[in-house]
Amino acid sequence: IKAGLSKLSGIAQSGIKGTLTAIASAGTALAGLGGAAIKIGADFEEGMSEVQAISRASASDMELLKEKAKEMGAETKFSATESAAAFKYMAQAGWNTEDMLNGISGVMSLAAASGEDLALTADIVTDSLTEFGLEAKDAAHFSDVLALSLIHISEPTRLLSTPYAVFRLTTKNSQPLTLSEHNYSC
């Protein structure tokens, strides 16, 4: 009986050791995930702090922007941190909170259609709107027009990185495009 109990004790100790090793490994993995989540959260907060510093948005406006960034992160292929980077470019262009909240969806659609980085797309859209003498309220329609033009070219990424060097949106009589016109060509 002593030999049998000794053998069972050895098996139990071995099983406990294996279980503790597995638990320790799982804990290490979870700690790694937790560290990654903290890093992502810190990156988001840093991005939103930059938006606040540039835009000088109020605390209540910042809450609206944070919620919108998180919403877009949950509902689109872009993360909340990427949304914060896009908001930064919008703030640099002088967009107010309402402009940013209303403009982000169109910019995201264009970024998704073009395969470009969201922040780069926001930069291009804000710069383009300024160049064409348009306002933030025109962002969604402008993004739609630009996305439509991507259908007609073979290198959309190159197009988006140098929009003025590669193409010019014109009306039929070669005047600069106004977004109220529907007879545009690329």
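In this text the structure is predicted, and so the values were computed from the model without any measurement.
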Minimum heavy-atom distance Ala57-Met62, with the two atoms named: CB-SD, 3.7 Å
Quick one: do Met90 and Asp99 satisfy side chain to side chain contact (heavy atoms under 4.5 Å, CB included)? Show the steps, please. CA-CA 8 Å; Met90 293 173 179; Asp99 294 335; over 6 Å; no
Of all the heavy-atom pairs spanning Val107 and Thr121, show the shortest one and how long it is. O-CG2, 3.6 Å
Would you give the length of the straight line joining atom CD of Glu63 to atom CD of Glu67, rounded to the nearest 0.5 angstrom? 6.5 Å
Mind checking the OG1-CG spacing from Thr81 to Asp43? Nearest 0.5 Å is all I need. 6.0 Å
Does any non-hydrogen side-chain atom of Met72 lie less than 4.5 Å from one of Ser105? yes
Using the rule that two of Ile, Leu, Val, Met, Phe, Trp, Tyr join whenever any of their side-chain heavy atoms come within less than 4.5 Å, decide whether Phe132 and Val125 are in one cluster. yes
What pair of heavy atoms forms the shortest contact from Ser128 to Phe142, and how long is it? CB-CZ, 3.3 Å
Output the distance between atom CG (Leu129) and atom NZ (Lys137), rounded to the nearest 0.5 Å. 10.5 Å
Is it true that Ile54 and Phe44 fall in one hydrophobic cluster, defined by side-chain heavy atoms closer than 4.5 Å? no
To the nearest 0.5 Å, atom CD1 of Ile124 lies from atom CG of Leu146 at 8.0 Å
Return the CD to CD distance between Gln52 and Glu45, rounded to the nearest 0.5 Å. 12.0 Å
Taking Glu98's backbone N and O only, do any of them form a donor-acceptor pair with Asn102's side chain (distance below 3.5 Å, no angle check)? yes
Looking at Ala111, is its backbone amide N or carbonyl O close enough to the side chain of Glu116 to form a donor-acceptor pair, meaning the two atoms are under 3.5 Å apart? no
Side chain to side chain, Leu64 and Lys68, heavy atoms closer than 4.5 Å: no
Min side-chain heavy-atom separation Trp95-Tyr89 under 4.5 Å: no
Closest heavy-atom pair and its distance - Met108, Ser83: CE-OG, 3.0 Å
Less than 4.5 Å apart, any side-chain heavy atom of Leu65 and any of Met100? yes
Please report the shortest heavy-atom distance between Ser143 and Gly106, naming the atom on each side. CB-O, 3.4 Å
Considering the options Glu46, Glu82, Glu50, which one meets the salt bridge (charged side-chain N to carboxylate O under 4.0 Å, His left out) requirement together with Lys88? Glu50
Donor-acceptor contact present, side-chain Thr76 to main-chain Gly73, <3.5 Å: no
If every non-hydrogen atom of Ala86 is compared with every non-hydrogen atom of Ile104, which pair is closest and at what distance? CB-CD1, 3.7 Å
Inter-residue atom distance Asp61.CG - Ser55.OG, 0.5 Å rounding: 8.0 Å
